[in-house]
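Not measured: the values here are computed from a predicted model.
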Amino acid sequence: MNRSMIANLMKPLTLGLIVAVFLAIHWAIPSFYSTLWQLTVSHDVQGLTSYISSFGSVAVVLMILLIVLTNMTGLPSVQFVTVNGILFGLLPGIIISWAGQVIGNILAFIILRYVFRRKAQSLVEKSRWLAKVNRSVDFKLIFFFRSIPYSPNFVVTALCALSRVGFAEHAAATLAGKFLAVCLEVWLGYDLIHFSL
């Protein structure tokens, strides 16, 4: 089985898996998305914290999943990271947020690199700027961008997927860089909420 056949098979499987996860959550908790949307749009961090804590021990899994999905899609995860710090405490909040961001970034890299490989290659070939970026992306650059708090994860992931950087190099830089960024994000969110109370 060659790469193009694997890519063609991966597209529907990936889409099917993502849809299945969304549907499973909706089936298990019918009001989940509407409640989450209302609390997130209204920036009600306290309400979001109370709502997530109502799920008990499942809250950890939900928060990791939410952060994975936001990092894969480019949606902001700031409020979820803040909720983790408030709900679970600083150190557990950092670990949960870090796990979600790393998993989300790595999954997005895999999907962009291996499922949409042909489109990515044609984009690089057509653009001088992308061709230049393609040559300059390495561990240090990925680590630098990943370690910036509140950086646009999806943009960084897309640039990495378009580059020649390997999976292991991207994963290592993401693991290290996101730890620094998440520590600051959780700590800042935690302090801001407690300062305003």
Spatial distance of atom NZ (K178) from atom SG (C183) [nearest 0.5 Å]: 11.0 Å

Give, for atom CD of Q101 and atom CG of N153, the distance between the pair rounded to the nearest 0.5 Å. 5.0 Å

Under 4.5 Å between any side-chain heavy atoms of Y150 and V81, yes or no? no

Where do G85 and V186 come nearest, in terms of heavy atoms and distance? CA-CG1, 3.6 Å

Do other residues, nucleotides or ligands put more than 12 heavy atoms under 6.0 Å from the OH atom of Y33? yes

Could you check whether any side-chain heavy atom of F139 comes within less than 4.5 Å of a side-chain heavy atom of V165, counting everything from C-beta outward? no

Can you tell me how far CG of L107 sits from OG1 of T157, rounded to the nearest 0.5 angstrom? 10.5 Å

Stepwise side-chain contact (heavy atoms from CB on, under 4.5 Å) test for F80 and L36: CA-CA 10 Å; F80 300 134; L36 194 68; 3.9 Å; yes

Do the non-hydrogen side-chain atoms of I29 and F55 ever get within less than 4.5 Å of each other? yes

If we ignore hydrogens and angles and just use 3.5 Å, is the side chain of W98 paired with the main-chain N or O of L180 as donor and acceptor? no

Checking E185 side chain against V78 main chain: does a donor-acceptor pair fall under 3.5 Å? no

Any side-chain heavy atom of L75 sitting closer than 4.5 Å to one from L69? no

Specify the closest pair of heavy atoms between I67 and T70, including all atoms of both residues, with the distance to one decimal. O-OG1, 2.9 Å

Under 4.5 Å between side-chain heavy atoms, hopping through other hydrophobics if needed: is there a path connecting I95 to I86? no

Spell out, as yes or no, whether a donor-acceptor pair under 3.5 Å connects the side chain of R146 to the backbone of S151. no

Taking all non-hydrogen atoms of both residues into account, name the closest pair between V182 and I94 and its distance. CG1-O, 3.4 Å

Side-chain touch F179/V102, heavy atoms, less than 4.5 angstrom: no

What is the distance from atom SG of C160 to atom CZ of F167, rounded to the nearest 0.5 Å? 12.0 Å

Within residues 84-93 or reaching into it, pairs that qualify as side-chain hydrogen bond (donor to acceptor under 3.5 Å, both in side chains) - sequence neighbours excluded: N84-S97

Check the hydrophobic clustering (I, L, V, M, F, W, Y; side-chain heavy atoms under 4.5 Å; chains of links allowed) and say if V61 and F88 are grouped together. no

Treat each ILVMFWY residue as a node, draw an edge where side-chain heavy atoms are under 4.5 Å apart, and state whether L141 and F143 are in one component. no

Can you name the nearest heavy-atom pair linking L87 to S53, along with the distance? CD1-CB, 3.2 Å

For a side chain to side chain contact (heavy atoms under 4.5 Å, CB included) with F154, tell me which candidate from N105, L159, L112 qualifies. L112

Can you name the closest pair of heavy atoms from G47 and L39 and give their distance? O-CD1, 3.7 Å

With a 4.5 Å heavy-atom cut-off, do Y51 and F32 have their side chains touching? yes

Tell me whether L48 is reachable from V58 by hopping between hydrophobic residues (I, L, V, M, F, W, Y) whose side-chain heavy atoms are closer than 4.5 Å. yes

Establish whether L188 and I148 are linked, either directly or via other cluster members, by ILVMFWY side-chain heavy-atom contacts under 4.5 Å. yes

Once side-chain hydrogen bond (donor to acceptor under 3.5 Å, both in side chains) is applied, what residue pairs with a partner in residues 34-43 remain, sequence neighbours excluded? H43-Q79

Step by step, would you call V137 with H170 a side-chain contact (heavy atoms from CB on, under 4.5 Å)? CA-CA 10 Å; V137 173; H170 170 264; over 6 Å; no

Is there side-chain contact between I52 and L66, with at least one heavy-atom pair below 4.5 Å? yes

Quick one: pull up CG in L175 and CD1 in I106 and give me the separation to the nearest 0.5 Å. 5.0 Å

Nearest 0.5 Å, please: how far is OG in S77 from CE in M63? 9.0 Å

